Number of protein chains: 2
Amino acid sequence: MSPAQKPKTSAKGLETRDRIVDVAVRFIARNGARGTSLADIAAEAGVSQTGLLYHFRSKEALLNAVMDRHLAFSEEWLWGDGPDPGIKIVDIIAKHMTSWPSQHDGKVASLLGMNTVVLGENVSPDTDLHPRLVDGYRTTIDRVTATLRSAQERGEMREDIDPQLKAMEIIAFCYGLEAAWLVDPTIPVAAAAAQWAAQQTRQLATASATS
Amino acid sequence: MSPAQKPKTSAKGLETRDRIVDVAVRFIARNGARGTSLADIAAEAGVSQTGLLYHFRSKEALLNAVMDRHLAFSEEWLWGDGPDPGIKIVDIIAKHMTSWPSQHDGKVASLLGMNTVVLGENVSPDTDLHPRLVDGYRTTIDRVTATLRSAQERGEMREDIDPQLKAMEIIAFCYGLEAAWLVDPTIPVAAAAAQWAAQQTRQLATASATS
DNA sequence: ACAAACCGACTGAGTACTCGGTAGCTTCTG
DNA sequence: CAGAAGCTACCGAGTACTCAGTCGGTTTGT
């Protein structure tokens, strides 16, 4: 009945675990979970395949750890600047998108790529990660909806726009532009994001709230 | 030097080929190309695996046939109502999206699902279908851009909006909403599409063009 | 001494694809 | 107009390979 199990992993173990997840994110972002073998990940992370399976009892367990990291990243991406940004959420999104082109080979790109790849691999309802995908999506929609609704209550945002439908639209745009940029990194993401944010702000804002 | 090779396939052969592609689209939409074996497809199509490989010399060849069908579908989806719809393109898109919820298990859903799944599997530049993906994306963007530009020339659309960036935004929204709907078919796609189209039209139209 | 961290060798279930055929239809030939 | 020849359309049984996961061990830190 002890409430918390003793953490039986040493600092070294945690470090290895972390390195494995890092590598897994990179590989999965490129080739998908189905296109990445445990052997590939293990080799790149500097352990044997058996060593990897010591830390993660199965591929599915590793995939869940990867998903954890992805969700944490998404969380930070949207809400890192404050819990209730109101209609400034579109500016926050545009700001983050502007930094994409300079990081096409970095950690951020991997986490973004993973989003697209993992979603593609788990659209089917009977896949391992599908429930977490649905859950993550709904949570995000709910939080964006809440932010927009409170903006309406503060008088920042027009009342004749449905917050939930607008939240869906915003998230769809994010996801779609991300996918487009992954497929073709030469597209002008920053400019597209800037125009989008400017027009959204004009559309959402009440006349009195324009500074 | 005979300019056209004789079509060596009989009517029966073409029919079987077609049936195989049909089945492949369904399977790939659910489990991805990597998650679908030739044996699965062959069994469902009522041929042996060897029989399948008689019609498509390799899995990659079959995947390309599947991609052909997808591109033809996308073409019809966007331009089936006429080659130059102007800013009414947003209404056309919204109209098609409205019909999604009633077809979640049909052929359309398969072709839509395939889009997301195949994109996820081919974000990496060194995959078989990646060049075709990039090509398809750029072609679509160019055509939407051209439509918007000619709308500007006709005075239907405001001049202070960049047509290419707006085209990217429109396609991103389409793709993002499609992905969201595949993951969670309970979301109100029709309502989201309707609100989006109405707001886009208001934003794009010149004051003189409003009827 | 003891447990966490790790490894080499293996297994069994897939996987795409090949090989050597056969059934049935059309077409050419004596 | 018989029948040989040739073609498309298919199949059963393999082949070489990859994959996630197991087993029985050894090393390393404290």
Side-chain angles (χ1 to χ4, degrees), chain A residues 2 4-24 27-28 30-67 117-118 121-122 126-129, chain B residues 2 4-24 27-28 30-67 118 121-122 124 126-129:
Chain A
S2 59
Q5 292 227 353
K6 266 188 189 175
K8 295 194 172 184
T9 48
S10 69
K12 189 187 176 192
L14 281 175
E15 198 183 308
T16 306
R17 260 183 89 95
D18 221 54
R19 205 171 59 244
I20 291 170
V21 175
D22 270 354
V23 172
F27 271 77
I28 291 172
R30 288 227 162 255
N31 298 44
R34 284 194 169 114
T36 303
S37 68
L38 296 181
D40 290 341
I41 299 170
E44 182 78 8
V47 290
S48 72
Q49 190 189 322
T50 326
L52 188 156
L53 283 164
Y54 166 76
H55 291 285
F56 301 94
R57 69 182 73 165
S58 68
K59 190 177 187 180
E60 188 182 339
L62 173 57
L63 259 43
N64 271 289
V66 165
M67 190 76 181
V117 170
V118 168
E121 275 179 325
N122 293 82
D126 48 4
T127 48
D128 299 336
L129 270 51
Chain B
S2 58
Q5 293 227 352
K6 264 187 189 173
K8 295 193 172 184
T9 47
S10 69
K12 190 188 173 193
L14 282 174
E15 198 182 307
T16 305
R17 262 184 86 94
D18 222 54
R19 204 172 58 244
I20 290 170
V21 176
D22 271 355
V23 172
F27 271 78
I28 291 173
R30 286 226 162 253
N31 300 84
R34 286 197 167 113
T36 304
S37 69
L38 295 182
D40 290 342
I41 299 169
E44 182 78 7
V47 291
S48 72
Q49 197 192 112
T50 326
L52 187 155
L53 282 163
Y54 167 76
H55 291 285
F56 302 93
R57 70 182 69 165
S58 66
K59 190 178 186 179
E60 187 182 342
L62 173 57
L63 258 42
N64 270 288
V66 165
M67 191 74 182
V118 169
E121 275 179 324
N122 294 81
S124 177
D126 48 4
T127 48
D128 300 334
L129 270 51

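Excluded from the calculations below are hydrogen atoms, water molecules and symmetry mates; all remaining heavy atoms, backbone and side chain alike, are included. In this text, all values refer to a predicted model and were calculated from it rather than measured experimentally. A, B, ... follow the sequence lines: proteins, then strands. Residue 1 opens every chain.
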Check: Phe27(A) and Asn31(A) side chains under 4.5 Å, non-hydrogen atoms: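 No, side chains not in contact.
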How many whole angstroms separate atom [atom1] of [X] from atom [atom2] of [N]?
{"X": "Phe56(B)", "N": "dA9(D)", "atom1": "CZ", "atom2": "P", "value": "12 Å"}
{"X": "Arg17(A)", "N": "dA5(C)", "atom1": "CZ", "atom2": "P", "value": "10 Å"}
{"X": "Asp18(B)", "N": "dA9(D)", "atom1": "CG", "atom2": "C1'", "value": "16 Å"}

Does CZ belonging to Arg30(A) count more than 12 external heavy atoms closer than 6.0 Å?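 Atom CZ in Arg30(A) is not packed in, count stays at 12 or less.
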Kindly indicate, with the supporting measurements, whether the criterion side chain to side chain contact (heavy atoms under 4.5 Å, CB included) is fulfilled by Ile28(B) and Leu63(B). CA-CA 9 Å; Ile28(B) 291 173; Leu63(B) 258 42; 4.0 Å; yes
Trace of the side chain to side chain contact (heavy atoms under 4.5 Å, CB included) decision for Leu62(B) with Leu52(B): CA-CA 9 Å; Leu62(B) 173 57; Leu52(B) 187 155; 4.3 Å; yes
Which atoms form the tightest heavy-atom contact between Glu121(B) and Thr127(B), and what is the distance?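 Shortest heavy-atom separation between Glu121(B) and Thr127(B) comes out as O-CG2, 3.7 Å.
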Mind listing the closest non-hydrogen atom pair of Val66(B) and Ala24(B) along with its distance?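 Taking every non-hydrogen atom into account, CG2-CB, 3.7 Å.
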Distance test, side-chain N/O of Tyr54(B) to OP1/OP2 of dC10(D), below 4.0 Å: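 Negative; the distance criterion is not met.
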Between His55(B) and dA9(D), is there a side-chain N or O to OP1/OP2 distance below 4.0 Å?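 No, His55(B) has no side-chain N/O under 4.0 Å of OP1/OP2 on dA9(D).
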5' to 3', nucleotides 12-30 of chain D under a 4.0 Å protein heavy-atom cut-off (B base, S sugar-phosphate only, - none) gives BB-----SBBBB-------
